[in-house]
Amino acid sequence: MAENRARRIAKLIAPLRVEPGTKVTLAKDFDPAYKAGFLNKKDGEELLQGGVELLVEYQARLAAQDTWGMLVCLQALDAGGKDGAIRHVLSGINPQGVHVSGFKVPSAEELNHDYLWRYAQRLPGRGEIGIFNRSHYEEVLVVRVHPEILDRQNLPAAAKGKGVWERRYQEINDWEHYLSDNGFKVVKLFLNLSREQQRIRFLKRVDLPDKNWKFSANDAKERAYWDDYQKAFSEMLSNTSTPWAPWYVIPADHKWFARICISGVLAHTLMDIDPQYPKVDAAKLKELAETRVLLEAEAPAGAEPDPFAASLAAEAAKAEAKKHGGSNGDDPGL
Ligand code: ATP
Ligand code: MG
């Protein structure tokens with residue numbers, strides 16, 4: 001059953017993965033409206049619910065084991081659906097185990113450091129899931145599309161000259177390799193939205209008063225750079241999808257399908273880590289047994305010495321009775 005589920009998830013996300021070393025041309029290789037043969041949103045709802053439950057279980061184990069961490073980098077064009085995906089996919093997860101960090105235009109203090117500094121400050125700890133809502137990839141996206149931003153980064157001449165993007169790809173790959181060697185799985189999701197869907201979503205933000213706050217005139221201006229972004233995303237995917245930190249291109253025109261895919265990628269990564277609840281040693285088991293004796297001895301007169309164990313035993317007996325002929329032990333009415 002669990003294996004079946006793992007296989008289904010692997011099959012769903014395989015076409016979304018950017019194979020390391022392959023050259024990607026977004027427009028040609030990935031369809032923003034893809035939905036893997038799913039007919040509609042209703043088909044997908046149950047699947048998403050299943051994915052979310054899986055994440056809850058694995059996150060609990062990840063936290064208990066306290067050895068591995070997971071960093072999820074979310075990138076998208078404006079209105080790609082990052083915020084909604086975070087809200088839906090992470091619903092139900094223990095908030096203590098997840099940290100979401102958003103990255104906007106860097107502050108003066110951030111610009112005063114190397115370009116990876118501010119991202120390093122927000123990395124998850126062991127047992128945690130860190131979500132980067134925008135990430136260090138902005139350093140080869142918006143900074144590449146708008147070279148004047150690079151000029152503002154106070155870099156020495158050699159660090160911004162020819163070959164700067166190739167160098168940054170390499171530096172980012174090396175950084176992620178280092179993180180992965182240290183027990184932090186890095187998984188990267190690009191929400192691939194079509195130009196037309198972006199137009200429609202922007203209009204929704206203009207038309208609906210409750211959404212007005214989400215819209216900035218600057219977002220519409222960035223649309224003029226659509227082709228430059230497509231190129232920058234394609235190059236980023238081609239150069240930074242690695243065996244230790246792969247990219248997944250999430251078809252984002254159908255939000256419901258995007259969310260299924262995202263929960264699938266996260267579940268797949270966690271299954272790969274396969275975190276386990278720590279096993280206790282013989283000394284600890286002995287200590288637990290002694291504690292039980294002490295607590296049972298404190299039961300008030302007439303009370304069950306261990307009500308929890310008693311309820312477990314009753315449940316087990318009921319299940320056993322059901323297995324043998326559907327009787328639950330009550331009067332069968334004959
Ligand atoms: P989002 O757009 O992610 O939904 P938001 O609308 O709340 O979030 P914005 O005010 O749009 O936040 O901030 C994100 C902006 O910051 C984007 O335009 C992005 O290009 C810009 N940004 C992010 N990282 C950098 C960076 N390293 N250098 C320059 N600009 C950056
Ligand atoms: Mg924005």
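Remember, it's 1-based here, ligands and their atoms both numbered in the order they're listed.
Close approach to Tyr119 involves these atoms of ligand 1, each under 4.0 Å from a residue heavy atom: 27 (N). Ligand-side atoms of ligand 1 in range of Lys82: 1 (P), 3 (O), 4 (O), range being under 4.0 angstrom from any heavy atom. Within ligand 1, the atoms closer than 4.0 Å to a non-hydrogen atom of Phe103 are 23 (C), numbered from 1 in the order shown.
At a heavy-atom distance under 4.0 Å, only side-chain atoms of Glu138, from C-beta outward, approach ligand 1. In Val105, the parts holding a heavy atom less than 4.0 Å from any atom of ligand 1 are both the side chain and the backbone. If you look at Lys214 next to ligand 1, there are no close heavy atoms at all, none under 4.0 Å. Under 4.0 Å from ligand 1, not a single heavy atom of Glu222 appears. Of the heavy atoms in Tyr229, none comes closer than 4.0 Å to ligand 1. Heavy atoms of Asp78 found under 4.0 angstrom from ligand 1 belong exclusively to the side chain. Looking at Ser216 against ligand 1, nothing comes within 4.0 Å, counting heavy atoms.
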Inset, instruction - Go through the steps for Gln49 and Glu53 under the test side chain to side chain donor-acceptor pair (under 3.5 Å), then give the verdict. - result: CA-CA 6 Å; Gln49 191 49 37; Glu53 282 165 18; 3.3 Å; yes

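Counting only heavy atoms from C-beta outward, the side chains of Arg167 and Glu171 approach each other to under 4.5 Å.
Protein heavy atom nearest atom 30 (N) of ligand 1, with residue, atom name and distance: Val142 CG1, 3.7 Å. In this structure, atom 14 (C) of ligand 1 lies nearest to the protein heavy atom Arg134 NE, 3.6 Å. In terms of protein heavy atoms, atom 28 (N) of ligand 1 is closest to Pro106 CD, 3.3 Å. Among protein heavy atoms, atom 10 (O) of ligand 1 sits closest to Lys104 CD, 4.1 Å.
Within the 4.0 angstrom cut-off, atom 1 (P) of ligand 1 has one or more protein heavy-atom neighbours. For atom 6 (O) of ligand 1, no protein heavy-atom neighbour is found at a distance under 4.0 Å.
Using modelled atom types and a 3.5 Å distance limit, the side chains of Glu166 and Gln170 yield no donor-acceptor pair. A donor and an acceptor atom, one from each side chain of Glu128 and Gln96, are nowhere located under 3.5 Å apart. At a cut-off of 3.5 Å, with distance as the only test, a side-chain donor of Asp83 or Asn133 sits close to an acceptor on the other residue. For the residue pair Glu222 / Asn218, no side-chain donor-acceptor distance below 3.5 Å is found, with atom types taken as modelled.
Annotation: cation-pi geometry not satisfied between Arg205 and Phe202 (NZ/CZ under 6.0 angstrom from ring centroid, within 45° of ring axis). Figure legend: cation-pi geometry between Arg168 and Tyr115, with NZ or CZ positioned under 6.0 Å from the six-membered ring centre and within 45° of its axis.
Nearest to atom 25 (C) of ligand 1 by heavy-atom distance, out of Gln75, Glu139, Arg118, Glu110, is Arg118.
A heavy-atom separation below 4.0 Å is not found between Trp213 and ligand 1.
With Asn239 contributing its side chain and Glu235 its backbone, the two residues share a donor-acceptor pair below 3.5 Å. Between the Ser241 side chain and the Leu237 main chain, no donor and acceptor come within less than 3.5 Å of each other.
Every N/O-N/O distance between Gln153 and ligand 1 stays at or above 3.5 Å.
When Phe233, Phe30, Tyr137 are each tested for a ring pair (Phe, Tyr, Trp, His ring centres under 6.0 Å) with Trp247, only one passes: Tyr137.
Salt-bridge formation is not detected for the pair Glu315/Lys318: no Lys NZ or Arg NE/NH1/NH2 atom is positioned less than 4.0 Å from an Asp or Glu carboxylate oxygen.
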